[in-house]
Number of protein chains: 2
Amino acid sequence: MSCGARLANELRQKGYRVTPQRAVILETVAHMHGHHSVQEVFTKAEQSLPGLNVATVYRTLDMLHRAGMVEILSTTANITCFSLRDPEHPHYHLICRNCDAMQEIEPVLFNELADTLKKKHGFSLDHRHLTFSGLCKHCQSDAAKGNLTP
Amino acid sequence: MSCGARLANELRQKGYRVTPQRAVILETVAHMHGHHSVQEVFTKAEQSLPGLNVATVYRTLDMLHRAGMVEILSTTANITCFSLRDPEHPHYHLICRNCDAMQEIEPVLFNELADTLKKKHGFSLDHRHLTFSGLCKHCQSDAAKGNLTP
DNA sequence: CTTGTAGGTGCAAATGATTGCAAGTAGGAT
DNA sequence: ATCCTACTTGCAATCATTTGCACCTACAAG
Ligand SMILES: [Mn+2]
Ligand SMILES: [Mn+2]
Ligand SMILES: [Zn+2]
Ligand SMILES: [Zn+2]
């Protein structure tokens with residue numbers, strides 16, 4: 001079975017309708033690899049399905065995120081990017097608020113924090129593809145020189 | 001010295017120019033207490049300074065955040081809210097992605113995480129007014145019923 | 001297969017936020 | 001006090017995203 005058909009089935013089994021638009025968007029995200037903006041996904045998917053509307057891409061990617069099939073990454077440039085969820089490679093992101101450098105970290109680092117929030121506040125932390133803001137190693141020296149607020 | 005004048009001085013000492021617009025916006029945020037949207041700040045500030053443009057409010061609040069004088073809170077409704085930074089009351093927020101319920105938590109919970117990120121990844125986590133997404137106690141039962149993706 | 005309907009799509013308007021540019025000004029230098 | 005200029009503002013255009021609504025369709029029940 002092709003990658004696209006497998007993903008479409010997975011979506012149907014989760015109780016969502018599979019429309020031509022959804023199938024194309026899902027397959028597009030799957031084949032692009034990595035994180036991509038809605039416009040990028042739209043431009044690519046439109047080639048397979050002329051007439052596709054960008055609002056549908058927004059709505060579909062949001063739906064796929066709620067369904068747990070894509071992950072969201074908010075960049076510092078106020079553009080939301082998406083990627084196919086890969087259960088084999090769970091990871092979170094650190095983004096430098098000064099230079100936009102991005103690095104991946106292991107989710108295991110957050111187990112203890114998640115436990116504490118659950119016990120002390122009854123809060124279940126979203127543990128899928130979190131993104132944290134801060135300063136990367138390189139930009140911390142700029143902060144020390146007073147150019148940046150720490 | 002009035003609250004507004006004190007804040008304006010603080011801003012000037014940080015190396016920023018103090019314009020009538022900036023002084024009014026800063027004083028407005030200070031007197032509104034709590035977190036407010038840019039539109040709310042603009043509507044209030046405009047009364048003190050007719051002709052003020054909303055783009056200036058966006059730029060000024062962003063600048064005040066970089067200067068460390070206001071804090072940002074991103075709501076689930078894609079509206080960015082701001083509050084005056086209060087060094088006497090540091091706190092982070094937990095926001096329920098289902099019902100928008102918001103609670104404050106103590107920053108001390110993140111000390112260990114911040115240490116680990118620094119040691120293992122050389123990354124300096126922003127430790128000012130972080131916001132975390134998840135499910136509140138109440139909405140976790142809905143998730144258990146299958147209505148929500150955990 | 002046909003049909004009914006809950007749910008999805010295209011379109012266009014609205015909303016939140018950013019940006020390029022010409023004109024204005026804060027604040028240090030003289 | 002006056003001048004200079006780098007920084008700031010108003011304005012309008014633009015961008016990213018959301019939303020209301022009329023029309024359309026996936027899919028399961030018969
Ligand atoms: Mn990722
Ligand atoms: Mn707060
Ligand atoms: Zn950096
Ligand atoms: Zn909740």
Side-chain angles (χ1 to χ4, degrees), chain A residues 4-5 7-26 28 35-43 45-46 48-67 69-70 72-82 97 100 147, chain B residues 4-5 7-26 28 35-43 45-46 48-67 69-70 72-82 97 100 147:
Chain A
L7 290 167
N9 278 340
E10 188 180 332
L11 184 61
R12 193 178 291 109
Q13 275 161 25
K14 285 172 185 285
Y16 295 88
R17 289 191 185 177
V18 176
T19 65
Q21 290 87 345
R22 289 178 173 183
V24 164
I25 291 166
L26 195 44
T28 300
H35 310 88
H36 297 275
S37 71
V38 177
Q39 285 299 326
E40 287 172 330
V41 174
F42 168 66
T43 302
E46 200 186 15
S48 304
L49 193 67
L52 177 67
N53 193 278
V54 71
T56 300
V57 181
Y58 276 100
R59 282 185 286 223
T60 298
L61 288 173
D62 182 67
M63 180 274 298
L64 290 174
H65 181 245
R66 275 181 280 117
M69 297 188 67
V70 302
I72 291 183
L73 180 100
S74 296
T75 69
T76 52
N78 304 311
I79 294 178
T80 304
C81 289
F82 291 85
R97 86 175 118 90
D100 291 4
N147 303 327
Chain B
L7 291 167
N9 278 340
E10 188 179 333
L11 184 60
R12 193 178 291 108
Q13 277 161 24
K14 286 174 186 280
Y16 296 88
R17 287 192 186 174
V18 175
T19 65
Q21 290 88 344
R22 290 179 173 182
V24 164
I25 291 165
L26 195 44
T28 301
H35 312 86
H36 296 275
S37 71
V38 175
Q39 284 301 324
E40 287 173 331
V41 174
F42 167 66
T43 303
E46 197 185 19
S48 304
L49 193 69
L52 177 67
N53 193 278
V54 71
T56 301
V57 181
Y58 277 101
R59 283 185 287 223
T60 298
L61 288 173
D62 181 68
M63 179 275 296
L64 290 174
H65 181 244
R66 276 180 282 116
M69 296 188 67
V70 302
I72 290 184
L73 180 99
S74 295
T75 69
T76 52
N78 304 312
I79 294 178
T80 305
C81 290
F82 292 84
R97 85 175 117 90
D100 290 6
N147 304 326

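Keep in mind that what you see is a predicted model, and the values were worked out from it rather than measured. Proteins get letters first, then strands, A, B, ... in listed order; numbering begins at 1 in each.
Residues B:Val70 and B:Phe82 share a closest heavy-atom pair of CG2-CD2, 3.8 Å. Closest heavy-atom contact between A:Val24 and A:Ala45: CG1-O, 3.6 Å.
Annotation: proximity of residues 74-82 of chain A to DNA chain C (heavy atom, distance under 4.0 Å) is found for A:Asn78, numbered in ascending order.
With values rounded to the nearest 0.5 angstrom, B:Leu61 atom CG is found 12.0 Å from B:Phe42 atom CZ. Once rounded to the nearest 0.5 Å, the distance linking CZ of A:Arg22 with CE of A:Met63 reads 3.5 Å. Residue A:Met69 holds its CE atom at 10.0 Å from OH of A:Tyr16, rounded to the nearest 0.5 Å. Residue A:Arg59 holds its CZ atom at 7.5 Å from CG of A:Asn53, rounded to the nearest 0.5 Å. Note that OG1 of A:Thr56 is 9.5 Å distant from CG of A:Leu49, once rounded to the nearest 0.5 Å. One distance of note links CD of A:Gln21 with OG of A:Ser48; it measures 12.0 Å at 0.5 Å rounding.
Direction change of the helix axis from one end of the helix from C:dC1-D:dG30 to C:dT30-D:dA1 to the other is 30°, with five pairs defining each end axis (rounded to 10°).
Within 4.0 Å of A:Arg59, counting heavy atoms only, lies at least one base atom of the nucleic acid. Within 4.0 Å of A:Val18, counting heavy atoms only, lie sugar-phosphate atoms of the nucleic acid but no base atom.
No side-chain heavy atom of B:Val18 sits under 4.5 Å from any side-chain heavy atom of B:Asn9. Contact annotation: the side chain of B:Asp62 never approaches that of B:Ile72 to less than 4.5 Å [non-hydrogen atoms, C-beta and beyond].
For the pair A:Leu49 and B:Tyr58, both in contact range of DNA chain C, the more 5′-proximal nearest nucleotide belongs to A:Leu49. Between A:Pro20 and B:Ala55, the one whose closest nucleotide on DNA chain D sits nearer the 5' end is B:Ala55. Nearest-nucleotide positions on DNA chain C place B:Asn53 closer to the 5' end than the other of B:Asn53 and B:Arg17.
With sequence neighbours left out, A:Thr75 forms a side chain to side chain contact (heavy atoms under 4.5 Å, CB included) with A:Leu73, A:Ala77, A:Ile79, A:Cys81. B:Asp100 pairs by the salt bridge (Lys or Arg N to Asp or Glu O under 4.0 Å) definition with nothing, not counting sequence neighbours.
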Practice task
Could you give me the CA-CA distance, side-chain angles and deciding distance for A:Leu11 and A:Leu64, then say whether side-chain contact (heavy atoms from CB on, under 4.5 Å) is met?
Solution key: CA-CA 8 Å; A:Leu11 184 61; A:Leu64 290 174; 3.9 Å; yes
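On the nucleic acid side, DNA chain D contacts chain B at distances under 4.0 Å to non-hydrogen atoms, with the end points of that region at D:dA6 to D:dT18. Of all nucleotides in DNA chain C, those with any atom nearer than 4.0 Å to a heavy atom of chain B start and finish, going 5' to 3', at C:dG16 to C:dG27.
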